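Below, chains carry the letters A, B, ... as their sequence lines are ordered, and counting in each starts from 1. Remember, predicted model here, so these are calculated numbers, not experimental data.
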Amino acid sequence: MSKPSIPKGTRDFGPRAMARRQWVCSTIRGVFERHGFLPVETPSFENLKTLTGKYGEEGDKLIFRILNNGDYLSKANAEALISKDSKLLTPTISKKALRYDLTVPFARFVVMNRNELTFPFRRYQIQPVWRGDRPGKGRYQEFTQCDADIIGSTSALCELDLVQVFSEALDALGVPGYTVLINDRRILAAVALSMGVGADRLTDWTVAVDKYDKVGVEGVVKELEVRGFDHDVASGIEKLFEINSASNSLDVLSNIASVISSNSEGMKGVSDMRTLLSRATADGIDAPKIKFDAMLARGLDYYTGAIFEVRVADSPVGSICGGGRYDDLTGIFGWSGMSGVGISFGVDRIEDVLTHFNKFPDALDLTTDVLVMYMNEKNCDVELQLVSQLRSQGLAVEMYPDPVKLKKQMKYAGDRDIPFVVMIGDAERTAGKVTLKNMSDGSQELLLTTEVFKYVSS
RNA sequence: GUGGGUAUAGCUCAGUUGGUUAGAGCACUGGUUUGUGGUACCAGGGGCCGUGGGUUCAAAUCCCAUUAUCCACCCCA
């Protein structure tokens with residue numbers, strides 16, 4: 001017995017899920033467009049070289065590679081093949097890979113199209129991405145991201161713009177109890193330095209710190225020790241945690257500032273964060289919707305300035321949005337000095353959250369407005385004419401394709417939640433009229449074909 | 001990658017200390033009702049009991065292996 005199946009970490013989306021997902025995407029798209037972002041799409045797969053080395057060591061492992069076509073083994077590295085060295089073998093048999101996110105392909109796009117684009121360039125992109133992660137709650141191997149990026153400006157107004165997008169979109173979606181967490185990689189680096197963590201160990205350190213919300217302070221301390229940091233560094237975390245637990249974001253920033261006051265880059269971060277918070281407040285975006293979190297680190301390698309993450313209280317899944325500033329992502333593709341900042345909404349996790357809290361609006365499901373019954377096998381001209389007429393008036397109309405028993409056609413309309421049914425039997429045909437049945441209350445009216453639209457649309 | 005659970009109809013699941021014809025609900029088809037859905041009643045179709053081996057007179061049931069899947073850990077938007 002071979003039942004069909006789909007790969008783990010992937011899902012089919014039926015009409016109901018699609019109605020919800022399309023609503024989520026179009027809501028976000030609307031906000032993007034009101035902020036002047038322009039749409040872009042890129043291929044689902046890229047040259048492997050475009051993607052590798054951008055997501056950190058762990059991230060690179062999760063990139064789905066595409067096997068070369070043809071007799072790929074003939075060109076494989078023979079030595080690697082014999083010694084079963086996958087790491088060495090892979091680049092010789094795979095030259096393409098599925099995109100891991102939308103930001104890196106966008107950076108590649110910007111470099112390739114630099115002459116046609118007007119900067120600062122704002123683009124949005126809504127497409128699926130793929131990660132070879134172990135699937136779990138809220139984690140899929142294929143999922144859809146809605147990205148908005150502004151590239152070609154270092155202004156802190158860009159960060160404000162994106163924070164506004166977060167707030168407007170999440171409010172419009174009705175996501176309950178969300179918080180936009182913000183931090184700055186420069187602050188993180190300065191704090192680490194003040195504890196004696198050099199730039200070379202910074203990634204290691206941030207990865208450990210990032211786990212704080214999962215494992216708590218003791219967990220992070222333990223993690224740091226496992227990673228070979230000395231005791232002073234580990235105990236420094238306890239102090240950082242204490243600073244971070246102040247209730248007011250500005251207080252946290254002040255305390256941080258006193259720790260890193262001698263670090264000019266770090267202080268620049270602090271001042272940018274202060275500006276961002278006060279401008280957001282002026283725009284009505286305040287705690288608990290936005291919060292500075294000194295422990296927020298995020299995994300991706302390419303962030304250099306502000307970083308964002310959106311979490312939902314009591315959520316069944318992890319963060320639903322992420323983002324940050326990357327100062328030189330285009331530099332890797334040969335064009336330096338293009339600072340960008342972007343955010344990403346996770347459609348799938350937003351769907352999970354709204355489903356979990358039962359917050360989807362009612363009546364998202366699309367259905368046909370009118371079903372025309374097929375009653376007279378010999379002649380259905382009148383029916384087809386009515387169908388065309390109602391469609392041209394803007395209604396969604398279908399005719400039952402087979403002249404089967406009315407009971408069956410009626411059940412079909414009921415199962416599909418079609419609100420109106422038109423019957424044209426011998427009696428109606430003779431009278432030059434049609435019967436319109438309202439499926440919700442069962443009432444029926446004898447009408448001229450020209451009157452149907454008015455009844456249905458009222 | 002580690003530990004634990006699960007695998008029986010399209011779906012959700014029962015199935016006794018191993019015992020002869022493997023059940024229910026939902027869904028589906030037909031009927032009660034030849035021009036009327038949702039309710040009710042009646043009838044019907046549908047199963048290699050995940051796969052392979054073993055124990056036994058006898059296995060859905062016990063044992064071993066294997067695969068898939070779920071949960072936790074690990075890791076990670």
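Remark: C1' of B/C73 and CZ of A/R134 are 11 Å apart, rounded to the nearest angstrom. If you take CD1 of A/I182 and P of B/A77, they are 20 Å apart, rounded to a whole angstrom. Rounded to an integer number of Å, the gap from A/R131 CZ to B/C76 P is 12 Å. Protein atom OH of A/Y400 is 14 Å distant from nucleotide atom P of B/G37, rounded to whole Å. Rounded to whole Å, the distance from CZ on A/R139 to P on B/C73 is 11 Å. Atom NZ of A/K137 is separated from atom P of B/C74 by 14 Å (rounded to the nearest Å). In this structure, A/Y303 places its OH atom 14 Å from C1' of B/C76, rounding to the nearest Å. Atom NZ in A/K61 sits roughly 13 Å away from atom P in B/G1 (whole-Å rounding).
Within the 4.0 angstrom heavy-atom criterion, no nucleotide atom of any strand lies near A/S443.
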### Message
The test is salt bridge (Lys or Arg N to Asp or Glu O under 4.0 Å); show your working for A/K411 and A/D415 and say whether it passes.
### Response
CA-CA 6 Å; A/K411 179 166 163 48; A/D415 288 349; 3.3 Å; yes
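Look at A/R123 and A/D147 and you find a salt bridge, because one of the NZ, NE, NH1 or NH2 atoms lies within 4.0 Å of a carboxylate O, short of that distance. Using a 4.0 Å cut-off between a side-chain N of Lys or Arg and a carboxylate O of Asp or Glu, A/R185 and A/E265 do not qualify as a salt bridge. Salt-bridge annotation for A/E398 and A/R416: present, with a side-chain N of the basic residue lying under 4.0 Å from a carboxylate O of the acidic one. With respect to the salt-bridge test (charged N to carboxylate O, under 4.0 angstrom), the residues A/R311 and A/E309 qualify. A salt bridge links A/R186 to A/D272: one of the charged nitrogens lies within less than 4.0 Å of a carboxylate oxygen. Contact check on A/D161 versus A/R122 returns a salt bridge, with a Lys/Arg side-chain nitrogen under 4.0 Å from an Asp/Glu carboxylate oxygen. At a threshold of 4.0 Å, the pair A/K289-A/D171 counts as salt-bridged, since one of the basic side-chain nitrogens sits closer than that to a carboxylate oxygen. Using a 4.0 Å cut-off between charged nitrogen and carboxylate oxygen, A/D184 and A/R325 do not count as a salt-bridge pair.
The same atom, C1', is picked in B/C76 and in B/G38; the two are 47 Å apart, to the nearest Å. Taking atom P in both B/U29 and B/A68, one finds a spacing of 35 Å when rounded to whole Å. Comparing the C1' positions of B/C49 and B/C13 gives a spacing of 13 Å, expressed to the nearest Å. Here, B/U12 and B/C71 have their P atoms 14 Å apart, quoted to the whole Å. Taking atom P on both nucleotides, B/U8 is separated from B/A60 by 15 Å, rounded to a whole Å. B/C11 and B/U69 are spaced 15 Å apart, taking the P atom of each and rounding to whole Å.
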### Message
Within the 4.0 Å limit for protein heavy atoms, which parts of nucleotides 29-36 of chain B are touched? Write it as a string from 5' to 3', B for base, S for sugar-phosphate only, - for none.
### Response
S-SB--BB
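When both pairing distances are held under 3.5 Å, B/C62 makes a Watson-Crick or G-U pair with B/G54. Of all nucleotides present, none satisfies the Watson-Crick or G-U wobble test against B/U34 with each distance under 3.5 Å. Shown here, B/A14 forms no base pair; nothing in the strands shown gives a Watson-Crick or G-U wobble contact with both key distances under 3.5 Å. With a 3.5 Å ceiling on both atom-pair distances, B/G47 lacks any Watson-Crick or G-U wobble partner.
Within residues 344-353 of chain A, the residues that place at least one heavy atom under 4.0 Å from RNA chain B are, in residue-number order, A/G346, A/R349. Listed in residue order, the members of residues 141-152 of chain A having a heavy atom less than 4.0 Å from RNA chain B are A/F143, A/Q145.
Summarising the local packing, CG of A/N358 is surrounded by 12 or fewer heavy atoms from other residues, nucleotides or ligands at distances under 6.0 Å.
Because its NZ or CZ atom is both nearer than 6.0 Å to the ring centre of A/Y140 and within 45° of the ring axis, A/R11 counts as a cation-pi partner of that residue.
Taking the six-membered ring for Trp and the full ring otherwise, the centers of A/F32 and A/Y124 sit less than 6.0 Å from each other.
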